[in-house]
Enquirer: 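Please find one structure pasted underneath; my questions will follow.
What's counted below: heavy atoms across the whole structure, side chains too, no hydrogens, waters or symmetry copies.
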2 protein chains.
Amino acid sequence: MVVQNIKFHPNSSNLSSNVYSQLRLKLITGDLKPGEPLSIRRLANEYNYSAMPVREALRQLASEDALVGAAKKAYRVPDLSSEEASKLFYVRAALEGASAEIAAKKVLKKDVKYLKSLSLSMDFAWKKNDSSSFLEQNFLFHSYIYSMAQNPVLERMAENLYIRTGPWLAQGIKNLSNSNVWEKSHDGIIKALSEKNSVLARKLIEEDSSWGKQLYQTDV
Amino acid sequence: MVVQNIKFHPNSSNLSSNVYSQLRLKLITGDLKPGEPLSIRRLANEYNYSAMPVREALRQLASEDALVGAAKKAYRVPDLSSEEASKLFYVRAALEGASAEIAAKKVLKKDVKYLKSLSLSMDFAWKKNDSSSFLEQNFLFHSYIYSMAQNPVLERMAENLYIRTGPWLAQGIKNLSNSNVWEKSHDGIIKALSEKNSVLARKLIEEDSSWGKQLYQTDV
DNA sequence: TCATAGATACTGTGATCACAGTTATCTTAT
DNA sequence: ATAAGATAACTGTGATCACAGTATCTATGA
């Protein structure tokens with residue numbers, strides 16, 4: 001697996017951050033479904049940790065709205081209404097667009113190379129029907145574009161929004177039979193970036209980003 | 001004091017969230033300065049809580065980048081470089097601008113009324129040299145505009161960015177003698193909103209938002 | 001048969017202790 | 001007087017227990 005490739009938070013030093021990273025990944029790959037409850041003790045047992053690191057990880061994710069937690073009730077993966085999901089995708093598209101526009105002005109050859117390799121991996125995973133790997137690499141693709149803008153603030157917020165759309169993307173992908181619209185979309189984005197066409201890059205990323213939005217569309 | 005007026009997180013049910021809210025407020029009002037260390041035990045003692053709720057609050061704030069925490073070292077208020085601060089203000093301006101643009105299309109009479117009252121309170125606090133109250137109400141002013149856009153995702157992110165610029169605004173305000181540029185600025189924003197002029201509202205908010213930016217400017 | 005009350009097995013939250021790494025201070029040797 | 005080294009006072013982290021709400025399931029009533 002490619003799990004280790006994902007560069008999440010710096011603090012791999014403590015258990016709490018381990019749990020945090022692993023849960024984040026599970027949100028992206030669709031291992032956690034909308035509405036699914038997460039019990040501290042159950043997870044602690046599963047990871048062979050004590051309850052302490054797990055609860056801190058859950059609280060942390062909840063503070064980022066990647067999970068929800070009511071008082072004295074189990075934490076859950078948010079089960080958004082169509083309207084809420086739509087708003088989420090809206091903001092994500094805005095931030096991804098902004099990232100892409102800046103990225104296009106700073107793009108290097110190695111960047112294009114890396115994005116192409118990711119696109120290939122995704123194609124591979126797709127043909128193998130490995131949706132988990134596919135989704136993970138899709139995250140890496142988008143995440144890399146955020147990072148190209150070289151604004152850590154922007155990058156982190158865009159990543160957060162991606163995580164939160166994760167369970168919805170994972171769900172949406174299954175209804176997608178085997179048309180590979182995404183491949184054309186990503187190729188177009190890479191091309192626009194490599195040509196430093198910032199306007200086009202923004203436009204295409206915004207479209208790609210709201211690819212999932214249309215599945216839950218009810219107009220903002 | 002107006003502290004209770006600030007609508008932070010829903011969970012006022014547990015101690016952890018209490019600490020969280022209070023620290024957020026302190027970031028806004030300039031009670032916490034850039035680089036200042038925050039000790040779990042010290043705070044626990046100060047609030048007469050155990051260490052547990054405090055540590056969770058600190059971790060939560062750290063997860064939002066409102067604080068920083070290295071391994072086994074005290075949590076601290078981020079001490080940003082000029083460049084980092086500048087990038088922070090950049091993203092904040094972008095999100096505030098987007099909020100204002102949407103808000104202008106949805107504005108109601110009561111909104112204008114409320115914003116005007118806030119502006120008056122700020123003027124009052126300013127003349128009394130009560131910078132703490134001034135800064136708190138300035139947050140409420142901006143925060144209310146985020147909320148007008150009726151997109152909770154956008155709202156929360158914009159608030160987060162405001163919190164993070166808090167200590168810098170507080171520091172910048174002291175160098176501002178007694179010119180009341182902010183008053184003209186806010187009056188202009190209110191006017192643009194009340195006329196539903198979304199383009200102008202965005203422009204003015206962006207300017208007001210980067211008001212602090214120029215203090216630390218080094219070009220993005 | 002269905003509804004309702006009660007018991008039981010969950011849930012997160014808070015307190016407290018032990019531990020290990022970091023920082024600061026003070027002493028000692030050069 | 002200055003620098004280096006030991007020691008003491010910090011720091012966050014993790015484990016474990018007690019507690020109080022919440023949900024679920026079962027038994028008992030009509």
Enquirer: For A:W168 together with A:F89, are the ring centres under 6.0 Å from each other?
Expert: no

Enquirer: Expressed as a whole number of angstroms, how long is the span from A:Y75:OH to C:dT11:C1'?
Expert: 11 Å

Enquirer: Between B:M52 and B:L38, name the one whose nearest nucleotide on DNA chain D is closer to the 5' end.
Expert: B:L38

Enquirer: In whole Å, what is the span from the CG atom of A:N18 to the P atom of D:dT13?
Expert: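 Between P of D:dT13 and CG of A:N18: 13 Å.
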
Enquirer: Hey, which sits more toward the 5' end of DNA chain C by its nearest nucleotide, B:S50 or B:R41?
Expert: B:S50

Enquirer: Nearest-nucleotide wise, let me know which of A:K73 and A:Y49 is further upstream toward the 5' end of DNA chain D.
Expert: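 Looking at DNA chain D, the more 5' nearest nucleotide goes with A:Y49.
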
Enquirer: Do B:N14 and B:Y20 have side chains that approach each other closer than 4.5 Å (heavy atoms only, starting at C-beta)?
Expert: no

Enquirer: Indicate yes or no: at least one non-hydrogen side-chain atom of A:L161 is less than 4.5 angstrom from one of B:M157.
Expert: yes

Enquirer: Nearest whole angstrom, please: distance from the C1' of C:dC19 to the CG of A:L15.
Expert: 13 Å

Enquirer: Rounded off to whole Å, could you give me the CD-to-C1' distance for the A:E56 and D:dT13 pair?
Expert: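 A:E56 atom CD is separated from D:dT13 atom C1' by 8 Å.
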
Enquirer: Just to confirm, is there a sub-4.0 Å distance from OP1 or OP2 of D:dG12 to any side-chain nitrogen or oxygen of B:R59?
Expert: no

Enquirer: Check this one for me: any side-chain N or O of B:R42 less than 4.0 Å away from OP1 or OP2 of D:dT11?
Expert: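 For B:R42, the contact criterion (side-chain N or O under 4.0 Å from OP1 or OP2 of D:dT11) is met.
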
Enquirer: So if I take every side-chain heavy atom of B:A74 and compare against C:dT11, C:dT16, D:dT11, which nucleotide ends up nearest?
Expert: D:dT11

Enquirer: When the distance from CZ of A:R55 to P of D:dC17 is rounded to whole Å, what number comes out?
Expert: 14 Å

Enquirer: Can you tell me the distance, in whole Å, between the CG atom of B:L67 and the C1' atom of D:dG12?
Expert: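 Taking atom C1' of D:dG12 as the reference, CG of B:L67 is at 14 Å.
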
Enquirer: Can you tell me how the ring of A:H186 sits relative to the ring of A:W182, calling it parallel under 30°, perpendicular over 60° and tilted otherwise?
Expert: perpendicular

Enquirer: Rounded off to whole Å, could you give me the CG-to-P distance for the A:L58 and C:dT11 pair?
Expert: 12 Å

Enquirer: Measure from OH on B:Y20 to P on C:dT13 and round the result to the nearest Å.
Expert: 15 Å

Enquirer: Between B:R41 and B:N45, is any side-chain donor less than 3.5 angstrom from a side-chain acceptor?
Expert: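 No - no donor-acceptor pair under 3.5 Å links their side chains.
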
Enquirer: Out of C:dT16, D:dG14, C:dT11, which has the shortest distance to the side chain of B:A51?
Expert: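 Of the candidates, C:dT16 comes closest.
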
